[in-house]
Structure formats: C-alpha cells, structure tokens
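Down below is the structure, laid out as structure tokens.
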Amino acid sequence: MNDATHSQGRIFPLSVVIVVLTVIWYAGAVYLNSGQLIDRYNKRSVQWDITQLAADAWSMKRPVLPAPHQVVRELKKTVLDQKVTSKRSLIYHAGVTLSSALLGFVLGTVLGIGLAIGIVYVTTLDRSLMPWIIASQTVPILALAPMIIVVLGSVGITGLFPKSVISMYLCFFPVVVGMVKGLRSPEPMLLDQMHTYYASRAQVFFRLRLPSSIPFLFASLKVAIALSIVGAIVAELPTGGQGGLGARLLTGSYYGQTTMIWAALITASVVSATLVSIVALGERTMLRRLDGGQVARS
Amino acid sequence: MSDNASSSDTVVQIDQLSLDFDTVDGPVHALSGIDLAIREGEFVSLIGPSGCGKTTLLRVIADLEKHSSGKILVNGVSPDQARQDRSYGYVFQAPALYPWRTVTKNVVLPLEIMGLTRSQQQTRAKKYLDLVNLSGFENKYPWQLSGGMQQRVSIARALSVEPQLLLMDEPFGALDEITRDHLNEQLLELWRKTRKTVVFVTHSIPEAVFLSSRVVVMSPRPGRVMDVIECNLPSERTLDIRETPDFLSLAHRVRQGLKAGHSYDDE
C-alpha cells in the first residue's frame, strides 16, 4: 500500500527494460549502418575491424538508424538550445501538435458522449448509428486526412481546426463505445429502484447512469488522448512544413535526416505518455470518489 | 378469499389476477387467478419455493410488472398511479446503495427525486436512520458498513418517502442467519412503531411465521395461492416464541400448504 515501496518495485524492472532496449538499439545501429560503411571501406581499401565499424556506425551524419546518443544530442540541440518560440525548437513544434490534438480530443469526447447518449436513449439511433460509427474507423485515416484538410480548406477553414477534426475523428470512437457500455452498466435492480421512485429520465441519467459510466469513460479517454496526438501528427503531414511534429517528421524524411525523425518521434511519445498519465491521474481521483474513498485498487 | 368487496381500509386489492410471460418455449403462467386483499396495518408474508411467483406478485403491486388479466388496486388506484403518488416503499433483495454516496445521501436519494427541500431531506434522513438504529453512521460510505447495516440503510431509505405501504422482496435473504434473526426482531419492532402495511416476500418458514399477521402460501406452475394462514401470535414477541407450540403448529400449517402445492416434489 505504501507509495514508496510501490514505486521502487516498478523502477527496477523498468530500468532493466531501458538498459536492454538501449543495448539492442546500439547493436541495431551497427548492424543497419554497416552495409553503407563496409561499401565505403572497400571503395577506399581501408583496413577495418569491428571497433572501427562500431565507432563509425555510431557517428554517421546520415545513418539508417542513428545511435541513441546522437538522438539525445539532437534533442538537446532542438529542445534546450533553442528559444521556445523558434521554428527550430521541438518544444515549439510539440506545442503546435499539442494544441490541435487537445482541441480534437475535447471535440471528440463531446461528440462521443453525445452520440452515446443518443444511442442509449433512442432505439432508432441504436440500430442506425452504430454500424456507421464502426465503418468510420475502417477507413484508413492516412487516406482520409488530406481530403478533410483539402475540403475544409476549400471552404475557407484552415489552420488549427482542420487538424483537430482529424484528431476528433479518431478520438470519438473509443468514447462512444466506452460510454454506451458505461451508461448501460447500472444493474437492472438499480433501474427498477429508480422506476419505483418515479424518477424522470434526466434524474436517472444524472444520478445513476452518468456516475456509473465514469470508469468506462476514463478507460476510453486514455485511448482517445493517445489517438489525438496520432491524429494531429497525421494531419500535419499533408499541410507540410507549417509546423508541428508531423511537419518535422516530413522534413526529416525529405532530407534523409533520420536523427531529426527520431527526435520528433521521441518527443511525440513523451507528449503522449504525459497526457495519458494526466488522464490516469484524473481517473484515480474520480474512481476514489466513486468508491466512497475506499482504498484505491492498484 | 371470496371476499372481493373493496373496503376503505384495504390497501391492496387483487382480484383474479393473472400474468403470463411469453418465452421462446411458449407462454409461462407466472401468476394465475390470484385473489388477495391486504388491509391497512397488516404484515403479510408471501411464501413459496422459487418460481411460485411471489416476487412477481410483489413487482405487479409495485408496477414493475404489468399483469395480463384481472384487477389490482393499490391504495384504491392502479399500481401505476400508486407509483406516481409514491405511496409505497420498495426494499430489494440487495441493499442497492450507491457506493459514491454517504449513508445520508443514499437515504435522501428518493427525496431529492421528489423535490423535497434540503432541510426536509436532512430531517427525514435523521429520523429514519434513528429508527433503524444507525445514528452516528450518517457520513459513512456503504463499504464501511456490514451487510446487515447496509440493508437497514436501504429500509430507512424506503421509509423516508413516508409511504403507507412497504414492499419487501427477500430483504434478508443474502444475510447470515444470526444477522437475519436480529434484523427480524428489529423489523417487527419497526412495524409495531410505525404501523405500516408490509408485504414481505420470503422463502423462510420461521421468518414468515415470526413476522407476519398473515402468511400467504404460494405454489408454482402456475403461480397461485394455496393457503392463507392467520397468525395470531402476541404482538409483543421475541425470537423465543419460535419454540412455543403455537408457533410450531403455525409453521406446520405453512409446511402443509407448501406440500399441497407440490413444493417439495422433485423437479
């Protein structure tokens, strides 16, 4: 139950995983970059051994796979050594992505909850909407994103909103599925009880269905917030070069700057992980209240 | 029970009531030709094996099920109207408390729905929690209470609506026997104090005889009334009465009624 022992119990396995991954990464960098290097050695008839190869593989300008310390150096250069407002700062680009992701997340959550209420309360919507909602997620977002940007752009909507629409498109789905299940989760006995009180639909909703759905909502929100970042990055690819982590990924791949791509990817995952943890923290607080302060389950 | 005339002190009047459920295997006669009149201030138990329709009958009174034919009046009006008038309180098999609400907040739930003022809600919560001996637990959460205490909260909540009629569906069925005995005594005391009309569903013969002024013995397939037994045990009674010849002969009659309804037959 103690928080300190709890986190100690997690830190050890986590550091083992990180060490193992780093070792694999370094080995992978040698393996993947070796082809290029050996070609070069042969052309210049240079004698080489494995130490030489490793040293060169970990310090290439345009490696197939950059070594971790190269990515770290790139991160330092673009995160710490730049003003936040600079277009060279990854913080600036992360901010661009984050703002459209968060707007999309909010829009998607509102849309998802709204649709779930409709589905739970209106039988016709239950039958007609759900297949379309599921179908919407079978369309590859990568194909759909440029169309949404172009269509919205042609009616004069540009900038943040079209990108948020794509995040919203990904976010609303887990929220609908979770909330439909959550709003239907109260036991029949509790619904019968409300019936004996002659409670109105709104009273049943706010006093019983909504509180009962909160655990389901938070499970969905954790998925949705991670998807919102994916959506924003995908949306930044067709808009090209205007800013955002997606634009950095695109620029990186144009110029073969793999280090830049990896730095942007790591920034994106740090942002996602932070957002998921914030939602998880909110979840713990809410679940504790729903439990009536019962000691939170792990 | 040929006395079908509805008199002024009749709280529940049931005439030739039947209820059929449609299932894939054809209709099931859950209730068939039930006649029953429950007078004000009575404590009536419905007893029978599972599937005899005792809970279904209670649910028809509470407007949780619709009957197929026959007549039923609750407080002189239809069950639907009686529900709208909030003229009964219903206690379920489980406490059905909301884990995120404190004891008091659980008790005032129906009062919030009725639109009582906050101070009225508080007064009533205090009054009925006192009545079920739960003063001092107002701000606890359900998980902090034992099963028996939770069910007492649920009884206080049903009483807080101040209904004349209390419908109880095996409220102590999930509790251990010692807790159950204790709650039986408390319920009897409560009934003496409040003079509510109680309809009580159970499958325990001692519980039914101990609590009731009248025991209605039901039998399954189709659900029907086999016997109605008047229990004239002294109103001041403790659990010790269960050892007396009067009590045992009443219990025997209930058992005979169940036997006549083939309740002890193998499936």
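Side chains are part of it too, since the values below use all heavy atoms of this structure and drop only hydrogens, waters and symmetry mates. Order of the sequence lines fixes the chain letters, A, B, ..., with proteins taken first and strands second; residue numbering starts at 1 for each chain.
Only the side chain of Arg86(B) comes within less than 4.5 Å of a heavy atom of chain A; its backbone N, CA, C and O stay farther away. Heavy atoms closer than 4.5 Å to chain B are found in both the backbone and the side chain of Ser212(A). Using a 4.5 Å cut-off between heavy atoms, Ala94(B) touches chain A through backbone and side chain atoms alike.
Remark: Tyr121(A) OH is packed, more than 12 non-hydrogen atoms of other residues, nucleotides or ligands lying under 6.0 Å away. The local environment of CZ in Arg195(B) is crowded, with over 12 non-hydrogen atoms from other residues, nucleotides or ligands closer than 6.0 Å. Under a cut-off of 6.0 angstrom, the local environment of CD in Glu177(B) is sparse, with at most 12 non-hydrogen atoms contributed by other residues, nucleotides or ligands.
The minimum heavy-atom distance linking His195(A) with Leu64(B) is given by the pair CD2-CD2, 3.5 Å. Between Leu190(A) and Tyr98(B), the shortest heavy-atom distance links the atoms CD2-CE1, 3.8 Å. Nearest heavy atom pair, residue Trp100(B) against residue Arg289(A), reads CB-O, 3.6 Å. The heavy-atom pair separating Arg59(B) from Asp192(A) by the smallest distance is NH1-OD2, 2.9 Å.
Residues Glu112(B) and Tyr197(A) fail the side-chain proximity criterion, which asks for heavy atoms closer than 4.5 Å. Thr196(A) is listed as a side-chain neighbour of Tyr88(B), based on a closest heavy-atom distance under 4.5 Å.
Interface remark: of the candidates Glu187(A), Gln203(A), Gln193(A), Gln193(A) forms the most heavy-atom pairs closer than 4.5 Å to chain B. Ranked by heavy-atom pairs under 4.5 Å with chain A, the list Met114(B), Gln93(B), Gln84(B), Lys140(B) is led by Gln84(B).
In this structure, the separation between OH on Tyr198(A) and CZ on Arg83(B) is 6.5 Å, given to the nearest 0.5 Å.
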